[in-house]
Amino acid sequence: QVKLVEAGGGSVQAGGSLRLSCAASGVTFSRYCMGWFRQAPGKEREGVVTRRSDGRTTYAASVAGRFSISQENAKNTLYLQMDNLKPDDTAMYYCAARETGNVLGFCGLIKEDFGDWGQGTQVTVSS
């Protein structure tokens with residue numbers, strides 16, 4: 001059974017940084033496509049970044065160069081480092097997982113492809 005627990009959200013001023021974490025149980029990173037998504041009030045949930053089992057990453061254009069995904073296998077934890085935060089980054093951030101087995105297929109920013117989700121952690125960026 002997959003369980004994803006996010007942490008690290010908070011309130012920061014524009015230009016600041018936060019690091020989100022996602023403790024993933026029941027997940028083997030080498031067999032999963034992992035991702036971070038976000039949802040602002042009144043908006044659709046959108047993809048931020050995904051990481052394929054072989055390490056290939058896909059970033060949304062809005063965060064490329066500012067956000068970075070990483071993982072720590074020993075702790076089975078996924079991270080999202082967010083730098084130079086902007087007010088438009090304000091949203092609930094979710095960790096997501098999709099089992100892919102040994103297949104290196106598509107691992108993109110499509111929320112409908114992911115079946116396992118965390119409860120989310122709130123990020124608020126003030127100007």
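In what follows, residues are counted from 1 in the order of the sequence shown.
- Side-chain atoms of T77 come within 3.5 Å of backbone N or O of K75 as a donor-acceptor pair.
- Between K111 and E44 there is a salt bridge, with a side-chain nitrogen of the basic residue lying less than 4.0 Å from a carboxylate oxygen of the acidic one.
- One hydrophobic cluster holds both M34 and F67 under the rule that ILVMFWY side chains link at heavy-atom gaps under 4.5 Å.
- In the hydrophobic clustering of this structure, Y94 does not group with L78; members are Ile, Leu, Val, Met, Phe, Trp, Tyr whose side-chain heavy atoms approach within less than 4.5 Å, directly or through other members.
- Hydrophobic clustering of Ile, Leu, Val, Met, Phe, Trp and Tyr side chains at less than 4.5 Å, counting indirect connections, unites F29 with L4.
- Under the 4.5 Å side-chain heavy-atom criterion for ILVMFWY residues, no single connected hydrophobic cluster contains both L109 and Y32.
- Here I110 sits in one hydrophobic cluster together with F106; the rule is ILVMFWY side chains under 4.5 Å apart, joined directly or through other members.
- Using a 4.5 Å heavy-atom threshold, the side chains of E72 and Y79 count as touching.
- Looking at T90, its side chain never comes within 3.5 Å of a backbone N or O of T124 through a donor-acceptor pair.
- Summarising the geometry, atom CG belonging to N102 is positioned 8.0 Å from atom OG belonging to S53; distances are rounded to the nearest 0.5 Å.
- For Y59, the side chain to side chain donor-acceptor pair (under 3.5 Å) criterion is met by no residue, not counting sequence neighbours.
- Residues satisfying the salt bridge (Lys or Arg N to Asp or Glu O under 4.0 Å) test with R52, not counting sequence neighbours, are D54.
- In this structure, T100 contributes its side chain and R31 its backbone to a donor-acceptor pair below 3.5 Å.
- Each of L80 and F37 belongs to its own hydrophobic cluster when Ile, Leu, Val, Met, Phe, Trp and Tyr are linked at side-chain heavy-atom distances under 4.5 angstrom.
- Tested against M82 for a side-chain contact (heavy atoms from CB on, under 4.5 Å), the candidates V125, D89, V123 yield a single pass: V123.
- For the pair R66 (side chain) and N84 (backbone), a donor-acceptor distance under 3.5 Å is present.
- Looking only at side-chain heavy atoms (C-beta outward), S62 and R38 come within less than 4.5 Å of each other.
- By the side chain to side chain donor-acceptor pair (under 3.5 Å) test, R98 is found to be paired with no residue, residues two or more places apart in sequence or in another chain being considered.
- Listed by chain and residue number, nothing satisfies the salt bridge (Lys or Arg N to Asp or Glu O under 4.0 Å) test with D116 (two or more places apart in sequence, or in another chain).
- Side chain of Q119 to main chain of E6: a donor-acceptor pair is present (N/O by atom type, distance under 3.5 Å, no hydrogens or angles).
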Per-pair distances, 0.1 Å, donor-acceptor, side chain in residues 10-26, under 3.5 Å, sequence neighbours excluded:
residue: S17; atom: OG; partner: D83; partner atom: OD1; Å: 2.8
residue: S25; atom: OG; partner: K3; partner atom: O; Å: 3.4

